[in-house]
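Only one structure is covered here, and it is reproduced in the block below.
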Amino acid sequence: MSQALTLARPYARAAFAIAREDGKFAPWSDALAFSAHVAADPRVSALLSNPQLSRGDAVALLTPEAAGETYTRFLGLLAEAHRLQLLPEISGLFDQLRAEAENVLKATVTSAAELSADELEKIKAALRKRFGRDVEVSTAVDASLIGGAVIDAGNVVIDGSLKGKLSRLQTALAH
């Protein structure tokens, strides 16, 4: 586990606890995603590490317009602890905690070509059946897979790609 994730974990848990208490998972998730996106920009990242930038200016730069006072105070706490650069990790960990709390499995389907809505729905249904949870699927296209798809569902990776099958066949023939 990277040091950044280790440092980010208590902040993500604190943000999650606040969001759960207020019943505002979605607004916090959106605000963290915005702040993380801004903080990850190389120009902003360089600015955040500049000691001449005040905490207030840093917080103002990273706060989305719709964010509440509690979120702004959270960013202020991060600024005070010099942890604003951890926002991408905090956002990712927050989303993991939210998915677990809402019993949602996040999966990525990478296919050789764009999937139709029908194909995607069949994959979602199969994942719901296999894992017994709601499923949120994001998609990606990787032509190097030749055909088929790779499904990454957290701790489970299902490789149904032609590239993967050829690789397994090659390994089997080599032994």
Side-chain angles (χ1 to χ4, degrees), residues 1-17 19-20 25-26 28-49 62 64 78 82-175:
M1 181 181 307
S2 78
Q3 183 180 2
L5 282 175
T6 302
L7 292 172
R9 182 162 275 110
Y11 295 104
R13 286 183 178 151
F16 180 77
R20 181 177 50 210
F25 285 141
W28 270 79
S29 187
D30 293 344
L32 281 167
F34 172 85
S35 298
H37 181 74
V38 173
D41 183 285
R43 296 167 296 187
V44 174
S45 181
L47 186 61
L48 291 175
S49 63
L62 297 170
L78 288 177
H82 304 287
R83 297 291 192 236
L84 289 172
Q85 72 278 10
L86 295 175
L87 277 164
E89 288 82 5
I90 293 169
S91 178
L93 290 168
F94 180 93
D95 284 342
Q96 286 177 7
L97 291 168
R98 178 183 176 194
E100 287 174 26
E102 294 176 342
N103 200 28
V104 174
L105 173 70
K106 292 190 178 223
T108 302
V109 178
T110 305
S111 56
E114 194 73 34
L115 295 172
S116 70
D118 187 48
E119 291 169 320
L120 199 53
E121 197 50 50
K122 286 179 183 175
I123 290 171
K124 282 183 185 179
L127 290 172
R128 272 194 295 275
K129 184 176 179 182
R130 178 169 180 176
F131 293 102
R133 299 166 73 177
D134 285 335
V135 180
E136 279 184 19
V137 175
S138 59
T139 60
V141 175
D142 180 357
S144 74
L145 296 178
I146 306 168
V150 176
I151 301 170
D152 183 349
N155 296 334
V156 177
V157 176
I158 303 165
D159 188 349
S161 69
L162 189 52
K163 179 180 178 180
K165 289 176 183 176
L166 289 172
S167 177
R168 289 188 294 277
L169 180 60
Q170 184 178 19
T171 302
L173 291 174
H175 289 111

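Values reported hereafter were calculated over all heavy atoms of this structure, with side chains retained and with hydrogens, waters and symmetry mates removed.
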* **Working for salt bridge (Lys or Arg N to Asp or Glu O under 4.0 Å), residues Arg133 and Glu100** => CA-CA 10 Å; Arg133 299 166 73 177; Glu100 287 174 26; over 6 Å; no
* Decide side-chain contact (heavy atoms from CB on, under 4.5 Å) for Ser161 and Ile146; before the verdict, give the C-alpha distance in whole Å, the side-chain angles of both, and the deciding distance to 0.1 Å. => CA-CA 7 Å; Ser161 69; Ile146 306 168; over 6 Å; no
* To do: Show your reasoning for whether side-chain contact (heavy atoms from CB on, under 4.5 Å) applies to Leu78 and Leu62.
  => CA-CA 11 Å; Leu78 288 177; Leu62 297 170; over 6 Å; no
* Evaluation steps, side-chain contact (heavy atoms from CB on, under 4.5 Å), between Val157 and Val150 -> CA-CA 7 Å; Val157 176; Val150 176; 3.9 Å; yes
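By the 4.5 Å heavy-atom criterion applied to side chains, Arg130 and Ile158 are counted as neighbours.
A salt bridge is defined here as a Lys NZ or Arg NE, NH1 or NH2 lying under 4.0 Å from an Asp or Glu carboxylate O, and Asp159 with Arg168 meets this definition.
Between Glu102 and Phe25 the shortest heavy-atom distance is OE2-CD1, 3.5 Å. Across Ala112 and Val141, no two heavy atoms sit closer than the pair O-CG1, 3.6 Å. Taking every heavy atom of both residues into account, Leu5 and Leu93 meet most closely at O-CD1, 3.9 Å. Of all the heavy atoms in Lys124 and Val135, the pair that sits closest is O-CG2, 4.1 Å. Shortest non-hydrogen contact noted between Leu105 and Phe131 is CD2-CD1, 3.3 Å. Taking both residues in full, the closest heavy atoms of Leu32 and Ala15 are given as CD1-CB, 4.4 Å, listed atom of the first, atom of the second, then distance.
Interatomic distance, NZ of Lys163 versus CG of Asp142, reported as 6.0 Å (0.5 Å rounding). Rounded to the nearest 0.5 Å, atoms CG (Leu145) and CG (Leu166) are 11.0 Å apart. For the atom pair Leu120 CG and Glu114 CD, the distance stands at 9.0 Å (nearest 0.5 Å). Atom NZ of Lys165 is separated from atom CG of Leu169 by 11.5 Å, given to the nearest 0.5 angstrom. Taken to the nearest 0.5 Å, the CZ atom of Arg98 stands 6.5 Å off from the NZ atom of Lys106. Between Ile123 atom CD1 and Ile151 atom CD1 the span is 5.0 Å, to the nearest 0.5 Å.
Proximity of a side-chain donor or acceptor of Gln85 to a complementary backbone N or O of His82 within less than 3.5 Å is detected. Under the 3.5 Å distance criterion, the side-chain polar atoms of Ser35 are matched with a main-chain donor or acceptor of Ala31. Of the possible donor and acceptor atoms, none in the side chain of Ser91 sits under 3.5 Å from a partner among the backbone N and O of Leu87.
Ser116 and Asp118 form no side-chain donor-acceptor contact under 3.5 Å, judged by distance and modelled atom types alone.
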